[in-house]
*Asks:* 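Got a structure here, written out as structure tokens. Questions coming.
Atoms considered below: every heavy atom in the structure, side chains included; atoms not considered: hydrogens, waters and symmetry mates. What you see is a predicted model, and the numbers here were worked out from it, not measured in a lab. Counting convention: from 1, in listed order, for ligands and their atoms alike.
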Amino acid sequence: MIHDPSLEAFIRGIPKAELHVHIEGALEPELMFTLARRNGIALPWDNVDDLRQAYDFHNLQSFLDIYYRGADVLQHVQDFYDLTFSYFKRAAEDNVRHVELFFDPQTHTRRDVPFETVITGIRGACVDAESRLGISSRMILCFLRHLSPSSALESLRLAVPFRPWICGVGLDSSEAGNPPSKFQSVFDEAREENFRVVAHAGEEGPASYIREALDLLGAQRIDHGVRCFEDEELVERLVREQIPLTVCPLSNVKLRVFPEMAQHNLKRMIDRGLMVTVNSDDPAYFGGYVADNYVAAAQALGLTRAEVVALAKNSFQASFLVHDRKLALIAEVERYAASAA
Ligand code: ADE
Ligand code: ZN
């Protein structure tokens with residue numbers, strides 16, 4: 001492992017976008033306990049340290065079980081606002097300039113928390129993040145793939161009155177055994193409503209799920225996608241079409257997709273010419289925010305400054321921002337890199 005403190009400072013300061021963060025995964029233990037007290041919710045952990053001890057995951061499901069339990073403390077508009085604004089404040093420290101955040105309405109509507117409560121709180125924080133922190137954002141509604149297509153469809157229909165606030169739809173939760181094909185008709189309807197489409201695929205599931213996400217759901221970006229190398233033709237296509245992959249290195253190590261960071265295939269992805277970005281996934285659970293992900297990967301894989309710059313540019317290129325804003329932010333990255341040289 002290479003430790004270069006100047007690279008770390010360079011990474012923290014570089015303008016970047018975050019395209020793969022689950023807002024429920026930004027719920028820090030301290031805030032979880034504060035909200036539990038505020039809302040009179042009993043948690044199965046005695047205190048923050050006890051909860052942190054439980055963050056010893058062996059796969060995706062072992063994480064999701066705790067993540068859904070933690071989300072029970074989110075009850076009111078103010079709770080969703082506080083969670084989201086706390087994420088933005090932390091992201092600002094990493095010079096994040098734009099965020100495309102996931103939210104999981106079914107996690108909340110199943111507990112009788114209204115869709116409107118969830119989205120109003122998150123949206124309020126997005127508006128304030130723009131005016132107070134200068135961070136632009138988009139919201140992406142994710143369907144929980146362990147639930148039924150009819151439940152996903154219900155979530156999509158609840159979203160329609162809030163259409164102007166929602167940029168796109170995605171697919172998350174337990175991947176293995178829940179292929180994208182299960183949700184084809186839901187995504188057909190989402191595309192008819194002009195939602196952008198992304199999907200988690202190739203995190204724990206096989207490369208064939210990446211193909212399905214592209215061909216059956218119309219995904220414009222793949223979340224994770226690290227198992228793409230199991231299918232050489234697929235890799236060629238991802239490179240040719242420059243389909244963005246939102247990779248989350250610390251998540252992949254925490255959930256044992258890779259045994260350690262030195263074995264992560266991020267560098268191989270860059271070398272192959274894939275349109276790869278670096279993101280945090282669930283920063284409160286996986287030991288770091290977006291810059292920590294860049295730093296951990298850069299140190300373990302020996303990434304150069306030029307590669308870090310390319311990743312930061314990709315983060316804007318792969319976003320759903322309008323063309324002119326993308327170009328302006330990419331130019332900012334270039335100016336930053338030139339001034340730090
Ligand atoms: N929901 C939150 N984090 C997730 C991940 N890494 N994979 C799938 N679903 C998720
Ligand atoms: Zn994710």
Side-chain angles (χ1 to χ4, degrees), residues 17-28 32 54-72 74 80 83-84 87 91 99-108 110 118 122 138-147 151-152 155 168-180 182-183 197-206 209-210 212-213 217 219-228 244-258 264 266 276-290 292-293 315 318:
E18 170 139 68
L19 306 180
H20 184 159
V21 56
H22 302 260
I23 202 61
E24 294 88 348
L27 180 58
E28 289 287 345
M32 192 191 293
Y55 293 178
D56 181 22
F57 312 118
H58 48 273
N59 59 19
L60 175 58
Q61 193 60 49
S62 64
F63 153 69
L64 290 171
D65 292 342
I66 292 184
Y67 162 85
Y68 293 127
R69 194 73 180 75
D72 285 350
L74 298 161
F80 287 94
L83 166 65
T84 309
Y87 162 74
V99 177
E100 298 186 355
L101 64 82
F102 298 136
F103 69 115
D104 290 344
Q106 289 155 293
T107 299
H108 314 296
R110 294 175 87 224
V118 178
I122 299 172
R138 302 277 187 277
M139 281 194 239
I140 299 178
L141 182 166
C142 280
F143 304 117
L144 299 183
R145 68 202 305 160
H146 68 278
L147 300 179
S151 171
S155 201
V169 296
L171 186 64
D172 66 1
S173 193
S174 323
E175 187 181 7
N178 291 300
K182 179 176 162 187
F183 295 94
V197 173
V198 300
H200 282 56
E203 178 187 19
E204 278 192 352
Y209 285 17
I210 301 176
E212 282 192 15
L217 306 187
Q220 296 163 276
R221 253 186 354 225
I222 297 293
D223 298 312
H224 295 294
V226 291
R227 286 186 59 181
C228 65
L245 305 175
T246 63
V247 173
C248 307
L250 286 171
S251 164
N252 293 152
V253 174
K254 267 279 185 188
L255 302 186
R256 313 232 184 128
V257 173
F258 297 96
H264 198 288
L266 177 72
V276 60
T277 67
V278 167
N279 308 272
S280 70
D281 207 5
D282 300 283
Y285 291 89
F286 299 150
Y289 284 75
V290 63
D292 303 314
N293 275 269
S315 72

*Asks:* Do Tyr67 and Thr107 pair up side chain to side chain, a donor and an acceptor below 3.5 Å, judged on atom types alone?
*Replies:* no
*Asks:* Quick check: of its N, O or S atoms, which one does His22 have closest to the Zn ion (ligand 2)?
*Replies:* NE2
*Asks:* By atom name, which N, O or S atom belonging to Asp281 lies closest to the Zn ion (ligand 2)?
*Replies:* OD1
*Asks:* Determine, using ring centers only, whether Phe143 and Phe183 are less than 6.0 Å apart.
*Replies:* no
*Asks:* For the rings on Phe102 and His200, is their centre-to-centre separation under 6.0 Å?
*Replies:* yes
*Asks:* According to side-chain contact (heavy atoms from CB on, under 4.5 Å), who are the partners of Asn59, at least two apart in sequence or on a separate chain?
*Replies:* Gln61, Ser62, Glu204
*Asks:* Would you call Phe258 and Leu266 a side-chain contact if the rule is heavy atoms closer than 4.5 Å?
*Replies:* no
*Asks:* Checking only N/O/S atoms, does His224 have one that is under 2.8 Å from the Zn ion (ligand 2)?
*Replies:* no
*Asks:* Mind checking whether Phe57 and Tyr285 have side chains closer than 4.5 Å, heavy atoms only?
*Replies:* yes
*Asks:* Using side-chain contact (heavy atoms from CB on, under 4.5 Å) as the criterion, list what pairs up with Cys248, not counting sequence neighbours.
*Replies:* His20, His224, Ser251, Asn279, Asp281
*Asks:* How would you list, by chain and number, every residue that makes a side-chain contact (heavy atoms from CB on, under 4.5 Å) with Ala54, sequence neighbours excluded?
*Replies:* Trp45, Ile66
*Asks:* So if I only count non-hydrogen atoms and take anything under 4.0 Å from ligand 1, which residues does that give, chain by chain?
*Replies:* His22, Leu60, Phe63, Leu64, Tyr67, Asp172, Ser173, His200, Glu203, His224, Asp281, Asp282
*Asks:* Below 2.8 Å, can you find an N, O or S atom of His200 next to the Zn ion (ligand 2)?
*Replies:* yes
